[in-house]
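Comments concern the structure below.
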Amino acid sequence: MVDYRKELNEQQYRVVRTIKGPILVLAGAGSGKTRTLTYRVNYLIEQGVSPKNILLLTFSNKAAREMILRTQQILGRSFSLTGGTFHHVGNLILRRYALKIGRKSNFTILDREDEKILLRQILKEKQILRDSIFPNPDLLSSILSLSASTQRSVEEIISEKWPQFLDAIGEIKEIIKDLEERKREINALSFDDLLLKWLYLVRNFPEIKGELQNLFRFILVDEFQDTNRLQYLILKEITQKRNPNLMVVGDDAQSIYSFRGAEINNILNFPKEYPNCKIFKLERNYRSTKEILSFATEVILRNSNQFEKYLKTGKKGNKPILFMVSDERVQARRIAYEILRLTKEGIPLNQISVLFRAGFESLELELELSSLNIPYIKRGGLRFFETAHIKDILAFLKVENNILDESSWRRILVLKQGIGVKTADKIISKIKEEKTIPNISLPPSIDKEFKSLKNLLLKIRRESEIDKKIKIILDVFYRDYLLENFKDGRERVDDVLALISFAVGQKSLNHFLDEVHSDESFRGEMKETNDFVILSTIHQAKGLEWDTVIILDVLENYLPNRRALEEGAIEEERRLFYVALTRAKNRLYLFSPINKKGFGGGKRRVMLSRFVREIPQDLYEIREEKDDFWDIEKESWD
């Protein structure tokens, strides 16, 4: 028998030993929730609960496997237990009852790319080509997924997020109907269908619902704050109505995925949905210092829509440091200097992470790290200059710089509606002959598609300043292209705007492209070492931890994000900041530039984030840094 008193703290112990009824476990950051879940499964089995009557729902199959393996090691025997993501469990159930949903048990699961291919084929058959009034397969797939996870109609989703497609709603519904019929014909289900059909089963077949309720008598759900409406409805159906043994574990303060359909009210309203539920709090933090936790707690206390928690630790350290720097260039240099200093103190590179709200914010830092040969890897998206939309913009500039750059021509030609690979080949052959844009003469059928592109290129050429060249590309053509073809079109526009700021004052087009390529050339070196700094969006950093965390651009309209403020999502933005803060074990550095580059040249004043301004200054140290306070030119990672 396990000595639970020895293995667990008092709060964890009480959670593990409470068997019956609905239970809500509010697990603060770094409080050992995985350990608690593992020992609870162990305790249930020790108390005579059959493993086959336990359902463990997690947000990765790997997490479920590790918990089950650890429990088997503790008990000293193997057993069969149903565990994994909602989608994984849904797949297992649908295989068993496939005929009820019009499928055979050997149905194929279509991933996102498979679904897009199917949509692309249907659009082609219907002769609906890429058009400004109709979403492309990629975007349509995203609309369908968001509709499924939020349980809102496609029309509602389009009206709220992509109103430019409302006029085509009738055609869109027809395409969706055709997609469903095609999936039935080929005996396939999409990723979202694994949940949609599961909900359909338990709502329309009482006998199946009863079987699942009798089978899964004890249900444990991890990361409950990240569940969506569809997952919540499934849980409600498969949980026994009388005396439900449902334990959900999560932290409302770390609910940051509403853009994926996650619904924070699932956890906030749990006590209302289950009035007899017992509420436990895991507030003992095993990760961060007291000073970091005091800062983070003070930040999150400003949210009104939450459960109160006060994280505690016996670990002491230094206060978080707020660096006030003149601009983003100095911010990048100061962070690089700090990374070099920390490594000399013995902190491994892979124990240092730089976090940011949006991917484009790391642009200056990426270039600085590359110039100093400091290895890094970027999570939450490709490196800035590797993203498709930035490569598209650069392709326009490369063509101006070298009219015979075939790969760049091919990249921009296929962006235009009506120009496919074969047409692009014909145009490129003509370009090689003429070697100048104004002289290019094409057959009427091809020239019609190429004319607007040629006019755009000539307009770019007449502008001397690089930032204004990029702005012309964005305003004349590329902004509409991004907004009409990508679910994250607005974020991609922000990336291009960041590129415009970066291009201000560049000496020449050659110099600008050389500097861009210097970042690309560093990729080979990075692959040679496993020791690298982690650059990551905050969303991608959730669930991870590092010795030292550096957060850049702690500014109004950046963190919190301007668009989130416009949409009234201030509390989720504060939770996002809280997640970033609580990734740090021993050191927490915040950076706030006083100025940012303007799109027309010069600098604009920016303001320190309200998330820092609204808390007592005695919780952190302020350092105002000079532009020339160190000589980093001679230092590099060797």
Side-chain angles (χ1 to χ4, degrees), residues 30 60 62 287-288 292 320-321 323 325 328-388 390-391 495 498-499 502 514-554 559 579-591 630 632-638:
S60 78
K62 179 183 177 183
R287 177 186 298 152
S288 306
I292 291 172
I321 300 174
F323 290 92
V325 295
E328 61 259 62
R329 179 63 172 161
V330 176
Q331 174 179 245
R333 289 173 63 81
R334 186 63 180 84
I335 291 173
Y337 170 84
E338 197 62 32
I339 290 170
L340 290 171
R341 186 187 67 77
L342 288 168
T343 58
K344 288 179 179 178
E345 290 184 5
I347 307 300
L349 282 178
N350 60 18
Q351 277 300 307
I352 303 170
S353 179
V354 183
L355 305 182
F356 33 85
R357 174 64 175 82
F360 70 83
E361 294 173 60
S362 66
L363 168 57
E364 292 279 2
L365 180 59
E366 289 184 53
L367 291 169
E368 192 67 39
L369 295 178
S370 295
S371 70
L372 295 170
N373 289 337
I374 299 175
Y376 73 91
I377 187 170
K378 186 174 180 181
R379 293 177 178 166
L382 297 168
R383 291 172 173 229
F384 187 83
F385 291 114
E386 293 174 4
T387 55
I390 296 301
K391 282 190 169 186
D495 284 355
L499 183 65
F502 174 70
D514 285 347
E515 188 160 1
V516 169
H517 290 142
S518 71
D519 179 65
E520 293 181 350
S521 66
F522 184 63
R523 281 177 286 172
E525 291 183 47
M526 184 203 70
K527 293 175 183 175
E528 293 176 5
T529 176
N530 290 322
D531 194 13
F532 39 68
V533 177
I534 306 298
L535 273 56
S536 174
T537 61
I538 302 172
H539 283 101
Q540 287 290 320
K542 185 173 175 292
L544 303 175
E545 60 183 40
W546 294 275
D547 175 271
T548 301
V549 167
I550 301 167
I551 308 175
L552 54 79
D553 284 347
V554 185
L559 189 60
V579 166
L581 300 173
T582 53
R583 301 309 94 200
K585 296 180 184 177
N586 297 308
R587 298 169 183 83
L588 176 63
Y589 301 146
L590 314 177
F591 277 78
W630 84 98
I632 202 170
E633 302 294 346
K634 299 174 184 176
E635 302 218 38
S636 65
W637 178 260
D638 293 318

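Hydrogens, waters and symmetry mates are skipped; everything else that's a heavy atom, side chains included, is used.
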Worksheet, complete the sentence: Between A584 and S288 the two heavy atoms that sit nearest each other are O-OG, 2.6 Å
Fill in: S536 to A541 - nearest heavy-atom pair and separation
OG-N, 3.7 Å
Practice prompt. With sequence neighbours left out, write down each residue that passes side chain to side chain donor-acceptor pair (under 3.5 Å) with N586, or none if nothing qualifies.
Written response: K315, D547
Worksheet entry | For S353, side chain to side chain donor-acceptor pair (under 3.5 Å) partners two or more places apart | none
Hey, what do you get for [atom1] ([X]) to [atom2] ([Y]), rounding to the nearest 0.5 Å?
{"X": "D531", "Y": "Y376", "atom1": "CG", "atom2": "OH", "answer": "15.5 Å"}
{"X": "L372", "Y": "R333", "atom1": "CG", "atom2": "CZ", "answer": "8.0 Å"}
{"X": "E361", "Y": "D495", "atom1": "CD", "atom2": "CG", "answer": "10.0 Å"}
{"X": "I377", "Y": "I534", "atom1": "CD1", "atom2": "CD1", "answer": "6.0 Å"}

Residues which pass salt bridge (charged side-chain N to carboxylate O under 4.0 Å, His left out) with [X], listed by chain and number, not counting sequence neighbours:
{"X": "K542", "answer": "E223, D226"}
{"X": "E328", "answer": "none"}
{"X": "R357", "answer": "E573"}

Beyond-backbone contact of [X] with [Y], side-chain heavy atoms, under 4.5 angstrom:
{"X": "L367", "Y": "F502", "result": "yes"}
{"X": "T582", "Y": "V549", "result": "no"}
{"X": "L363", "Y": "F360", "result": "no"}
{"X": "L581", "Y": "L590", "result": "yes"}

For the backbone of [Y] and the side chain of [X], can you confirm whether one donor and one acceptor N or O come within less than 3.5 Å of each other?
{"X": "K585", "Y": "Q351", "answer": "no"}
{"X": "Q331", "Y": "V325", "answer": "no"}
{"X": "Q540", "Y": "T537", "answer": "no"}
{"X": "T548", "Y": "R587", "answer": "no"}
{"X": "S362", "Y": "L365", "answer": "no"}

Discussion item. I'd like to know whether I374 forms a side-chain contact (heavy atoms from CB on, under 4.5 Å) with T343, so could you lay out the CA-CA distance, the side-chain angles of the two residues, the decisive distance to 0.1 Å, and finally the verdict.
Written reply: CA-CA 11 Å; I374 299 175; T343 58; over 6 Å; no
Discussion item. L355 and side chain to side chain contact (heavy atoms under 4.5 Å, CB included): which single residue from V579, I538, I550 fits?
Written reply: I538
Discussion item. I'd like to know if E368 pairs up with R329 as an ion pair, taking the criterion as any Lys NZ or Arg NE/NH1/NH2 lying under 4.0 Å from an Asp or Glu carboxylate oxygen.
Written reply: yes
Fill in: Contacts of F323 that satisfy ring-ring contact (aromatic ring centres under 6.0 Å, His included) - sequence neighbours left out
Y589, F591
Worksheet item: After noting the C-alpha distance and the side-chain angles of L559 and F356, does the key distance pass the side-chain contact (heavy atoms from CB on, under 4.5 Å) rule?
Response: CA-CA 8 Å; L559 189 60; F356 33 85; over 6 Å; no
